[in-house]
Trainee: 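Below are the structure tokens for one structure; questions will follow.
Heavy-atom basis, side chains included; hydrogens, waters and symmetry copies ignored.
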Amino acid sequence: MPSPRIAPARSLAVAVAVLTGVLAPLVLPAAGASADEVAGRTLAGELVQAWAEAEPGAAHDHGDDGLVSWVQPADGDPVLVDSAGVEGVPSGSSVELTVGAPSGGEPLPVVDATVTSGPAAATAPVTNEVTVAMVAPAGAVPTGDGTTLAQVVSAVDDRVAPFWSEQSGGVISLHVTATHDWAPASVGCANPALLWDEVAARVRFVPGPGKHLLLYVSRDSDCAYALAEVGSSPSSGGRLYVRDTTTSVIAHELGHNFGLGHSSGEQCDGTVEGGSCRTVAYRDYYDVMGVSWTETGTLNAPQAARLGVLPAAQQQALSVWGSATTATLSPLSGRTGVRALQLTDAEGVAYWLEYRTPAGQDTWLAGNRFGLESGVLLRRAGGLPDTSVLLDGTPGTAAGWDRDLGAALPVGAAVPVSGGDFSVVVQSVSPAGAVVSVTPTAPAAVSATAAGTATAPRPGPRGEVMPGAGEAAVTVAPAPQAAFWAPGYAGAAHRADTPLRTAADHGGGSTVLVALAGGLLAGTALLVVRRLRAARLR
């Protein structure tokens with residue numbers, strides 16, 4: 001499969017447009033306009049994106065062309081556009097896209113993209129109301145596939161809603177407020193926005209904060225296994241469809257409406273990070289936003305932090321500029337003590353340590369069929385599509401990657417994180433907690449000068465507070481000249497020979513349901529950081 005692409009020039013143009021407010025001429029397509037009619041013109045509206053996934057048991061990685069993108073104008077039908085042309089543009093942004101001529105019914109190519117405003121700001125937590133509709137898309141049996149409306153409603157109210165309520169500390173309160181039994185649709189899923197629009201009009205669904213339209217679509221339709229719009233917060237609302245009533249699948253898709261990407265896994269040949277590596281979509285069996293199977297584990301630390309539902313009192317932060325720390329991690333599935341430790345490296349990338357034990361939502365860890373381990377797990381936070389990446393704490397060789405699901409950090413051994421920015425040692429584990437020691441190593445560019453000279457606190461290269469009164473004065477070397485600019489990161493260009501690649505995951509076999517998502521192609525900033533990191537680690 002091809003590796004993720006980086007388009008620094010496009011990202012620079014988008015970023016500059018955001019910062020300067022440069023606007024392209026506004027030309028809206030007329031309602032019902034065809035692709036031929038809008039070709040060569042400028043589409044203005046909201047960029048909406050979702051990720052169409054493979055059937056259960058099929059290979060899944062970001063090399064597959066599963067991203068669906070369209071522009072929803074203020075007045076008119078949605079228009080499908082080529083996802084490659086809007087790479088790095090956040091879903092939910094207001095955009096103006098100059099499009100080219102269509103080819104054989106394919107989405108319109110994007111000639112130029114301008115972001116006029118970012119996604120709408122999150123609102124205060126609201127009750128999440130779900131409208132459920134049973135739909136037979138065009139070409140499917142009009143009477144459905146035998147799944148009942150009651151089964152779907154029960155999945156949401158009796159299983160998915162309690163899960164998200166517990167994981168969010170009550171912030172997310174899901175419940176079904178309207179139901180509609182089987183009815184045929186005049187369109188299929190080639191353009192999912194049209195299907196959602198048709199059903200929304202029929203059932204009188206009005207979008208808004210906390211409003212979700214959940215379609216159960218026939219298994220004999222042309223629809224993907226599941227699909228969800230990507231939101232920006234738990235209060236965004238959104239539309240989704242599924243072809244299964246499994247708890248983890250519906251919970252996963254709603255997670256995308258809430259603004260979460262995938263919980264994926266990175267494996268490197270003999271190392272925790274760096275060298276020859278692969279990142280496989282959904283390869284996190286512990287997490288609801290990872291591989292979907294019969295168990296639904298506790299929402300992991302970076303995903304909970306992204307949602308804003310990891311209480312400040314239950315997390316501890318340490319910067320690469322800080323002092324060595326020993327902390328006791330309480331089980332993540334609990335609701336007391338320090339449940340997560342955040343490590344921020346020299347590039348501003350966040351790593352998270354969490355402790356998994358067979359208790360609470362993770363009771364299934366005792367004797368699970370995949371041999372997933374209890375212990376301290378290390379994850380790296382990022383942007384879409386992989387907002388959480390599970391790292392292998394006991395890395396093996398590439399030949400055994402597909403069978404290697406062990407990820408817990410070993411007890412008593414030092415594990416380097418972020419190329420040596422941190423050294424992590426799990427000192428001990430017990431049902432009550434894990435004792436972890438973390439030693440930061442500040443970059444060599446920071447060197448001591450007149451020892452003992454009192455200085456006022458000052459920001460470090462990335463805003464960190466450097467030593468102040470009563471501490472040694474320091475000299476901070478200037479940051480390297482940026483060779484490009486991308487949102488959230490500035491740095492030198494990556495090495496072209498960085499051996500990052502993607503590969504399909506076959507470790508779960510046919511018994512695993514592929515987690516279904518509405519993720520995006522990797523944001524440029526995340527790809528840049530990953531490749532810079534891999535280059536630095538070599």
Trainee: Just by distance, no angles: are the side chains of Gln427 and Ser437 close enough, under 3.5 Å, to form a donor-acceptor pair?
Mentor: yes
Trainee: What distance do Leu365 atom CG and Phe370 atom CZ have between them, rounded to the nearest 0.5 Å?
Mentor: 13.0 Å
Trainee: State whether Arg278 and Asp402 are salt-bridged, where the test is any N-O pair (Lys NZ or Arg NE/NH1/NH2 against Asp/Glu carboxylate O) under 4.0 Å.
Mentor: yes
Trainee: Between Ala190 and Leu80, which heavy-atom pair has the shortest distance, and what is it?
Mentor: O-CD1, 3.7 Å
Trainee: Determine yes or no for a side-chain-to-main-chain donor-acceptor pair under 3.5 angstrom, with Tyr355 supplying the side chain and Thr328 the backbone.
Mentor: no
Trainee: So, Gln314 side chain and Arg335 main chain: donor-acceptor pair closer than 3.5 Å or not?
Mentor: yes
Trainee: Any chance the side chains of Asp145 and Tyr216 put a donor and an acceptor closer than 3.5 Å?
Mentor: yes
Trainee: Looking only at side-chain N and O atoms, does Thr296 offer a donor or acceptor that is under 3.5 Å from a partner on Gln361?
Mentor: no
Trainee: Would you compute the distance between atom CG of Asp421 and atom OG1 of Thr439 and round it to the nearest 0.5 angstrom?
Mentor: 12.5 Å
Trainee: Calculate, to the nearest 0.5 Å, the distance between atoms OG and CZ belonging to Ser168 and Phe163 respectively.
Mentor: 9.5 Å
Trainee: Establish, from distance only, whether the side-chain atoms of Arg243 and Ser221 form a donor-acceptor pair under 3.5 Å.
Mentor: no
Trainee: Rounded to the nearest 0.5 Å, how far does CG of Leu378 lie from CG of Leu343?
Mentor: 7.5 Å
Trainee: CD of Gln267 to OG of Ser276: how many Å apart, nearest 0.5 Å?
Mentor: 11.0 Å
Trainee: Within the side chain of Glu373, is there an N or O that forms a donor-acceptor pair under 3.5 Å with the backbone of Ala407?
Mentor: yes
Trainee: How about Asp284 and Ser388: does a side-chain donor come under 3.5 Å of a side-chain acceptor?
Mentor: no
Trainee: Identify the two heavy atoms, one from His175 and one from Asp157, that lie closest to each other, and give their separation to 0.1 Å.
Mentor: CA-OD1, 3.4 Å
Trainee: Looking at CZ of Arg306 and CG of Leu299, how far apart are the two atoms once the value is rounded to the nearest 0.5 Å?
Mentor: 11.5 Å
Trainee: So, Asp244 side chain and Tyr225 main chain: donor-acceptor pair closer than 3.5 Å or not?
Mentor: no
Trainee: Is it the case that the side chain of Arg339 and the backbone of Gly334 share a donor-acceptor pair, with hydrogens and angles ignored and the cut-off at 3.5 Å?
Mentor: yes
Trainee: May I ask you to check whether Ser248 and Thr246 show a side-chain donor-acceptor distance below 3.5 Å?
Mentor: no
Trainee: Give me the ring orientation class for His212 and Phe258: parallel if the planes are under 30° apart, tilted from 30 to 60°, perpendicular past 60°.
Mentor: perpendicular
Trainee: Below 4.5 Å, heavy atoms only, C-beta onward: do Trp293 and Arg369 meet side chain to side chain?
Mentor: yes
Trainee: Side-chain donor-acceptor pair under 3.5 Å between Tyr286 and Asn300, yes or no?
Mentor: no
Trainee: Under the criterion side-chain contact (heavy atoms from CB on, under 4.5 Å), which of Gln167, Gln315, Glu354, Gln342 is the partner of Leu310?
Mentor: Gln315
